[in-house]
Amino acid sequence: MAKAKMLVDKNFKLAEVNKRVYGSFIEHLGRAVYNGIYQPGHPAADEDGFRKDVLELVKELDVPIIRYPGGNFVSNFFWEDSVGPKEQRKPRLDLAWRTLETNEFGLGEFAKWTKKAGSDIMMAVNLGTRGIADALNLLEYCNLDTNSYYSNLRKSHGDKEPYNIKTWCLGNEMDGSWQIGHKTALEYGRLAAETAKAMKEMDHSIELVSCGSSSVDMSTFPEWEAVTLEETYDYVDYISLHNYYGNAANDTEDYFAKTQDMERFIQTVIATCDYIKAKKRSKKTLYLSFDEWNVWFHVMASDSEAMKRKPWQIAPHLLEDHYDFEDAILVGLILITFLKHVDRLKMACLAQLVNVIAPIMTENDGGAWRQTIYYPFLHASKYGRGVALQSIITSTKHDSSQHTDVTDIEAVSVFNEEKDEVTIFAVNRSVKEDALFESDLRSFEGYHVIEYLALENDDMKLTNSIAGEKVAPYARTDYEFQDGIFTTNMKKCSWNVIRLGK
């Protein structure tokens, strides 16, 4: 039988969990904006055209920061077209996704929407087809309250108070040959460094994210990080990581092992950052922003064909992966991996939030609903705030087709001192057997089990839909908690949330 033991001690503190680890992403892509978060005339639309049913689901997730407006879209984005009177805005061809962008929804609308959603903005600047001057103009428009052109332009558009956006991405995936304005590492490093210097001269309070590699599989990884950081290290606060995962081979066992690759990705980027820190004799520590991550593979082939055959549509159905049960387990494993690295990983963005590879889906003429991956993200966002603990775990292991020494149980714990609660997130990723899970919580004297939530199913391909949620958590009561030792039989292929409090 698979089994694991976990020692959870409140004194073994790794780091405070930055709430921005539970960020997300809205790009002008497919139905993320139009017929997603924004749909004037819909029965659920408010006075600004924002879908209230979607807003409620977003607020339930408690997403602290949302990246905008891309993604690949940003590399040919003319932000000036998206502000001011709507009748004067220019429609543009989006070369990234071969669609027509009407600019009916723009920067001002997004600022208003995020305020209603209770989220901050992570703004991306176009370093593909544009550069330093345009980044400065955008920053002035968003953040300054001065008697100057772009600040006054925002005020003339009805927003007297600045948006005060504190987190900015210096372009997007500039290492990728698919990117409009793709650059070599040195070209991007020089441009990003000079843009960063100028932006921080205008607003000292902002934080900047330099583009890292687009995935762990890029041929230039990790040389891209080393070369670009030689230029940007002194001027930026984070470097980005992007990666998507899929099960195209229909090999569930190996699919669940892919967070081993994510682990190596994170560790390699940290090592590269620290190499540049040592080389520069710097006292500054650079942090990580995993600002694109998710499962993405279900509709790649059909999307590619659709963009070739029917270009320049407005808000077509693109990247609308319908997630199944095993995707939810993989998302849970990713979130556990993040929490194990919160000493250096300070931000992350689930890509994306609505309709496009998203936990929330909408019907154009109907309601909104939760995909399977909604629940692990919800649980982590609600209960994974506080201090991540350096838990000691031993687990039985197995090999998959492409990975070796794969732990049957992956787990992490978070202590919320303010609420006097400790939460264990655990996944049994064995596809063959249940696991005996035992956790020593004796340092939490006087605590009791608040609840034990689980996602379990024998059908790995089960999905949710507007008709109902076939994949949803339920409360388990078949556990023992005696003398500070928690014991349960953890079902195979399951996501588990064990909450204890005083």
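In this text the structure is predicted, and so the values were computed from the model without any measurement.
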Asks: What is the distance from atom CG of Leu208 to atom OG1 of Thr195, rounded to the nearest 0.5 Å?
Replies: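 Reported to 0.5 Å precision, the distance equals 9.5 Å.
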
Asks: Could you tell me which non-hydrogen atom of Leu107 sits nearest to which non-hydrogen atom of Cys142, and how far apart they are?
Replies: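 Closest approach of Leu107 to Cys142: CD2-SG, 3.6 Å.
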
Asks: With rounding to the nearest 0.5 angstrom, report the OG to CG distance, Ser75 to Asp94.
Replies: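 Going from OG on Ser75 over to CG on Asp94, the span is 10.0 Å.
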
Asks: Determine, stepwise, if the pair Val83 / Arg154 fulfils side chain to side chain contact (heavy atoms under 4.5 Å, CB included).
Replies: CA-CA 8 Å; Val83 298; Arg154 183 197 67 250; over 6 Å; no

Asks: If you measure only the distance, is there a donor-acceptor pair under 3.5 Å linking the side chains of Asn72 and Gln179?
Replies: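 The answer is yes; a qualifying pair exists.
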
Asks: So that I can tick it off, tell me whether Glu194 and Lys197 are bridged by a salt bridge, with the cut-off set at under 4.0 angstrom between side-chain N and carboxylate O.
Replies: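 Yes, Lys197 and Glu194 are salt-bridged.
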
Asks: Do Asn126 and Asp134 come close enough that some side-chain heavy atom pair is under 4.5 Å?
Replies: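 The answer is no, as the side chains (C-beta and beyond) never meet within the 4.5 Å cut-off.
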
Asks: Write down the atom of Ala32, the atom of Asn355, and the distance for their closest heavy-atom approach.
Replies: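 Shortest heavy-atom contact: N-CB, 4.4 Å.
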
Asks: Any donor and acceptor pair, going by atom type alone, linking the side chain of Ser82 with main-chain N or O of Gly106 inside 3.5 Å?
Replies: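 No.
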
Asks: Please determine, by modelled atom types, if Tyr245 and Asp327 share a side-chain donor-acceptor pair under 3.5 angstrom.
Replies: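 No donor-acceptor contact under 3.5 Å links the two side chains.
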
Asks: Do the non-hydrogen side-chain atoms of Leu170 and Met199 ever get within less than 4.5 Å of each other?
Replies: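 Of all side-chain heavy-atom pairs linking Met199 with Leu170, at least one is under 4.5 Å.
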
Asks: Which residue, Tyr383, Trp495, Phe377, forms the ring pair (Phe, Tyr, Trp, His ring centres under 6.0 Å) with Phe425?
Replies: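 Answer after filtering Tyr383, Trp495, Phe377: Trp495.
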
Asks: Between Glu80 and Tyr150, does any side-chain donor sit less than 3.5 Å from a side-chain acceptor?
Replies: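 Distance-only check fails for Glu80 and Tyr150.
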
Asks: I'd like to check the ring pair (Phe, Tyr, Trp, His ring centres under 6.0 Å) partners of Tyr374; sequence neighbours left out, ordered by chain and number.
Replies: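 Once residues adjacent in sequence are excluded, Tyr374 has no partner under the ring pair (Phe, Tyr, Trp, His ring centres under 6.0 Å) criterion.
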
Asks: If we ignore angles and hydrogens, is there a donor and acceptor under 3.5 Å between the side chains of Glu140 and Ser148?
Replies: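 Checked: Glu140/Ser148 side chains pair up, N/O donor to acceptor below 3.5 Å.
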
Asks: Which one of Lys19, Lys382, Arg385 satisfies the salt bridge (Lys or Arg N to Asp or Glu O under 4.0 Å) criterion with Asp62?
Replies: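 Answer after filtering Lys19, Lys382, Arg385: Arg385.
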
Asks: Would Cys211 and Asp175 count as a side chain to side chain contact (heavy atoms under 4.5 Å, CB included) here? Give the steps.
Replies: CA-CA 8 Å; Cys211 282; Asp175 62 325; over 6 Å; no

Asks: Closest approach of Ile239 and Leu241, non-hydrogen atoms and distance?
Replies: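 Scanning both residues, the minimum pair turns out to be O-CD1, 3.8 Å.
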
Asks: Which heavy atom of Leu455 sits nearest a heavy atom of Ile329, and at what distance?
Replies: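 The pair with the smallest heavy-atom distance is O-CD1, 4.4 Å.
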
Asks: With a 4.5 Å cut-off on side-chain heavy atoms, are Leu93 and Leu100 touching?
Replies: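 Yes, their side chains come closer than 4.5 Å.
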
Asks: Could you tell me if Arg67 and Asn172 have a donor-acceptor pair between their side chains, going purely by distance under 3.5 Å?
Replies: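 Yes.
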
Asks: Scan side-chain atoms only and decide if Glu263 and His341 contain a donor-acceptor pair under the 3.5 Å cut-off.
Replies: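 Judged by distance alone, the side chains do pair up.
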
Asks: So, do Trp293 and Leu350 sit near enough that their side-chain heavy atoms are less than 4.5 Å apart?
Replies: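 In contact.
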
Asks: What's the spacing between Leu144 CG and Leu139 CG if we round to 0.5 Å?
Replies: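 Going from CG on Leu144 over to CG on Leu139, the span is 6.5 Å.
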
Asks: So does Ala301 get a backbone contact from the side chain of Ser304, meaning a donor-acceptor N/O pair under 3.5 Å?
Replies: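 No.
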
Asks: Check for a donor-acceptor pair, side chain of Ser430 on one end and backbone N or O of Asp408 on the other, with a separation under 3.5 Å.
Replies: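 Side chain of Ser430 to backbone of Asp408, a donor-acceptor pair under 3.5 Å: no, none is there.
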
Asks: Would you indicate whether Lys280, at its atom NZ, is surrounded by more than 12 heavy atoms from other residues, nucleotides or ligands within a distance under 6.0 Å?
Replies: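 Result for NZ/Lys280: enclosed.
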
Asks: From Leu319 CG over to Glu27 CD, what is the distance, rounded to the nearest 0.5 angstrom?
Replies: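 Answer for the CG-CD pair, Leu319 versus Glu27, is 8.5 Å.
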
Asks: How long is the span from the CG atom in Asp261 to the CD1 atom in Ile266, to the nearest 0.5 Å?
Replies: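 Rounded to the nearest 0.5 Å, the CG-CD1 separation comes to 11.5 Å.
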
Asks: Kindly check if the number of other-residue, nucleotide or ligand heavy atoms within 6.0 Å of NZ (Lys112) is above 12?
Replies: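 Open: at most 12 neighbouring heavy atoms sit under 6.0 Å from NZ of Lys112.
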
Asks: Are the charged groups of Glu207 and Lys166 less than 4.0 angstrom apart, N to O?
Replies: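 So Glu207 does not pair with Lys166 through a salt bridge.
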
Asks: Can you find a pair of side-chain heavy atoms, one from Arg264 and one from Gln260, that are under 4.5 Å apart?
Replies: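 Yes - at least one pair of side-chain heavy atoms lies under 4.5 Å apart.
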
Asks: Hey, what's the ring geometry for Phe110 with Trp113, parallel, tilted or perpendicular (30° and 60° as the breaks)?
Replies: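 Phe110 and Trp113: parallel rings.
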
Asks: Under 6.0 Å between ring centres: does that hold for His182 and Trp224?
Replies: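 Ring centroids of His182 and Trp224 are no less than 6.0 Å from each other.
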
Asks: Quickly, which of Tyr38, Trp97, Tyr68 forms a ring pair (Phe, Tyr, Trp, His ring centres under 6.0 Å) with His28? Name it, please.
Replies: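 That would be Tyr68; it is the only one of Tyr38, Trp97, Tyr68 passing the ring pair (Phe, Tyr, Trp, His ring centres under 6.0 Å) with His28.
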
Asks: Using the rule given for side chain to side chain contact (heavy atoms under 4.5 Å, CB included), can you reason through Thr259 versus Arg429, listing the C-alpha separation, both sets of side-chain angles and the distance that settles it, and then say yes or no?
Replies: CA-CA 11 Å; Thr259 47; Arg429 57 179 165 183; 3.1 Å; yes

Asks: What heavy-atom pair brings Asp251 and Asn247 nearest, and what distance separates the two atoms?
Replies: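 Here Asp251 and Asn247 meet closest at N-OD1, 2.8 Å.
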
Asks: Can you find a heavy atom in the side chain of Met262 that is under 4.5 Å from one in the side chain of Ile334?
Replies: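 Yes; the side chains approach each other to less than 4.5 Å.
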
Asks: Is the shortest heavy-atom distance from the side chain of Thr268 to the side chain of Phe221 under 4.5 Å?
Replies: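 They are in contact (side-chain heavy atoms under 4.5 Å apart), so the answer is yes.
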
Asks: To the nearest 0.5 Å, tell me how far Asn137 CG sits from Leu153 CG.
Replies: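 That separation rounds to 10.0 Å.
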
Asks: Less than 4.0 angstrom from a charged side-chain N to a carboxylate O is my criterion; do Lys277 and Asp274 meet it?
Replies: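 No.
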
Asks: Parallel, tilted or perpendicular: which one describes the rings of Phe105 and Phe50, with boundaries at 30° and 60°?
Replies: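 Correct class here is perpendicular.
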
Asks: Just do the side chain to side chain contact (heavy atoms under 4.5 Å, CB included) check on Asn294 and Val331 with the steps written out, would you?
Replies: CA-CA 7 Å; Asn294 204 345; Val331 165; 4.0 Å; yes

Asks: Which pair of heavy atoms, one from Ser24 and one from Leu353, lies closest together, and at what distance?
Replies: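 Result for this residue pair: OG-CB, 3.4 Å.
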
Asks: Just grab all the salt bridge (charged side-chain N to carboxylate O under 4.0 Å, His left out) pairs involving residues 211-226, residues at least two apart or on different chains.
Replies: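 Matches after skipping sequence neighbours: none remain.
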
Asks: Pairs in or reaching into residues 234-250: which pass salt bridge (charged side-chain N to carboxylate O under 4.0 Å, His left out), with residues at least two apart or in two chains?
Replies: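 Sorted pair list: Lys200-Asp237.
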
Asks: Looking at Gly384, is its backbone amide N or carbonyl O close enough to the side chain of Tyr22 to form a donor-acceptor pair, meaning the two atoms are under 3.5 Å apart?
Replies: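 A pair under 3.5 Å: yes.
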
Asks: Please check: side-chain N/O of Thr228 versus main-chain N/O of Ala185, any donor-acceptor pairing under 3.5 Å?
Replies: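 Checking the backbone N and O of Ala185 against the side chain of Thr228, no donor-acceptor pair under 3.5 Å is found.
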
Asks: Around atom CZ of Phe78, are there more than 12 heavy atoms from other residues, nucleotides or ligands closer than 6.0 Å?
Replies: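 Enclosed: over 12 neighbouring heavy atoms sit under 6.0 Å from CZ of Phe78.
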
Asks: Quick test of your reading of the model: are Glu109 and Arg89 salt-bridged, counting only N-O distances below 4.0 Å?
Replies: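 Arg89 and Glu109: salt-bridged.
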
Asks: Going through the distances and angles, do Glu101 and Arg92 end up as a salt bridge (Lys or Arg N to Asp or Glu O under 4.0 Å)?
Replies: CA-CA 5 Å; Glu101 173 53 54; Arg92 292 269 189 179; over 6 Å; no

Asks: Assess the side chains of Asn428 and Ser494: does a donor N or O sit below 3.5 Å from an acceptor N or O?
Replies: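 No, Ser494 and Asn428 have no side-chain donor paired with an acceptor closer than 3.5 Å.
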
Asks: If you count every heavy atom of other residues, nucleotides or ligands that lies below 6.0 Å from Lys284 atom NZ, does the total exceed 12?
Replies: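 Above 12, so yes.
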
Asks: Does the side chain of Asn143 come within less than 4.5 Å of Met202's, by heavy atoms?
Replies: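 Not touching, per the 4.5 Å side-chain cut-off.
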
Asks: Does one side chain, of Thr285 or Arg344, offer a donor that lies under 3.5 Å from an acceptor on the other?
Replies: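 Arg344 and Thr285 do not have a side-chain donor-acceptor pair below 3.5 Å.
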
